[in-house]
Amino acid sequence: QVQLVESGGGLVQAGGSLRLSCAASGRAFSSYIMGWFRQAPGKERGFVAAISRSSGSIYYADFAEGRFTISRDNAKNTVYLQMNSLKPEDTAVYYCGATPTTSMLRLATYYNYWGQGTQVTVSA
């Protein structure tokens with residue numbers, strides 16, 4: 001079992017920045033690939049970014065490339081999402097998830113564990 005708790009969301013103006021954190025407890029955080037997803041009202045949960053166990057491989061959705069940075073600290077059992085140049089369309093609930101597999105890391109279905117989410121609201 002892995003328990004995940006997100007934090008760092010809030011209200012920010014367009015062009016601003018936020019840093020999300022996801023703290024993990026339980027077994028073997030470093031054995032999981034970690035991902036960030038987001039879900040806006042009326043939409044499916046969509047992929048934002050993912051990072052491999054040792055941070056050697058990082059993956060981004062097209063909209064996140066160049067604006068968002070995912071990182072992890074296995075010593076602190078924490079994964080981060082630095083979000084810069086935020087846009088109103090980035091408004092959503094952001095979730096972190098953990099998956100043991102690299103093959104389908106862009107699909108929420110393949111994540112075994114999820115946090116409760118943190119709201120990010122970007123005003124125009």
Determine, stepwise, if the pair W36 / F68 fulfils ring pair (Phe, Tyr, Trp, His ring centres under 6.0 Å).
-> CA-CA 11 Å; W36 285 98; F68 295 2; over 10 Å; no
First locate atom CG of L18, then atom CE of M83, and finally report the distance between them rounded to the nearest 0.5 Å.
-> 5.0 Å
Which atom of F29 lies closest to which atom of A24, heavy atoms considered = CD1-CB, 3.3 Å
Can you get from M34 to V2 by hopping between Ile, Leu, Val, Met, Phe, Trp and Tyr side chains that sit under 4.5 Å apart?
-> yes
Under 3.5 Å: donor-acceptor pair, side chain of R72, backbone of S52 = yes
Pairs touching residues 12-24 that satisfy side-chain hydrogen bond (donor to acceptor under 3.5 Å, both in side chains), sequence neighbours left out | S17-N84
For A28, enumerate each residue passing the side-chain contact (heavy atoms from CB on, under 4.5 Å) test, keeping only those at least two apart in sequence or located in another chain.
-> S31
Taking only residues at least two apart or on different chains, which pairs with a member in residues 74-124 satisfy disulfide bond (SG atoms under 2.5 Å apart)?
-> C22-C96
Kindly compute the distance separating CZ (F47) from OH (Y59), expressed to the nearest 0.5 Å.
-> 9.0 Å
Tell me the disulfide bond (SG atoms under 2.5 Å apart) pairs involving residues 52-92, sequence neighbours left out?
-> none
Taking only residues two or more places apart in sequence or in another chain, which ones pass ring pair (Phe, Tyr, Trp, His ring centres under 6.0 Å) with Y113?
-> Y32
Apart from M104 itself, what residues make up its hydrophobic cluster when side-chain heavy atoms of I, L, V, M, F, W and Y under 4.5 Å apart count as a link, directly or indirectly?
-> L107, Y110
Set of side-chain contact (heavy atoms from CB on, under 4.5 Å) partners for A23, sequence neighbours left out = T78
Between S103 and T101, does a side chain to side chain donor-acceptor pair (under 3.5 Å) hold up when you go through it step by step?
-> CA-CA 6 Å; S103 59; T101 177; 3.0 Å; yes
Do Y94 and L105 share a hydrophobic cluster, counting only Ile, Leu, Val, Met, Phe, Trp and Tyr and linking them when any side-chain heavy atoms are less than 4.5 Å apart?
-> no
What distance separates N74 CG from S55 OG, expressed to the nearest 0.5 Å?
-> 6.0 Å
Which residues pass the side-chain contact (heavy atoms from CB on, under 4.5 Å) test with A49, sequence neighbours left out?
-> Y60, I70, L81
For the atom pair CG (N77) and OG (S25), what is the distance rounded to the nearest 0.5 Å?
-> 8.0 Å
Could you pull out all residues at least two apart from S71 that satisfy side-chain contact (heavy atoms from CB on, under 4.5 Å)?
-> Y80
May I have all residue pairs that pass salt bridge (Lys or Arg N to Asp or Glu O under 4.0 Å) and include part of residues 28-42, sequence neighbours excluded?
-> R38-D90
To the nearest 0.5 Å, what is the distance between OG1 (T99) and CZ (R106)?
-> 13.5 Å
Check the pair F63, E89 against side-chain contact (heavy atoms from CB on, under 4.5 Å), reporting the backbone distance first and the verdict last.
-> CA-CA 10 Å; F63 67 81; E89 51 264 43; over 6 Å; no
Can you get from I58 to V48 by hopping between Ile, Leu, Val, Met, Phe, Trp and Tyr side chains that sit under 4.5 Å apart?
-> yes
Are L20 and F37 joined in one hydrophobic group, where the rule is that I, L, V, M, F, W and Y side chains link up if heavy atoms are under 4.5 Å apart?
-> no
For residues 40-62, pull every pair meeting salt bridge (Lys or Arg N to Asp or Glu O under 4.0 Å), keeping only residues two or more places apart or in separate chains.
-> none
Tell me which donor-acceptor pairs under 3.5 Å the side chains of residues 116-124 have, and how far apart each pair is, sequence neighbours excluded?
unit_1, atom_1, unit_2, atom_2, d
Q116, NE2, E6, O, 3.2
T118, OG1, G9, N, 3.1
Q119, NE2, A92, O, 3.4
Q119, NE2, T121, OG1, 3.3

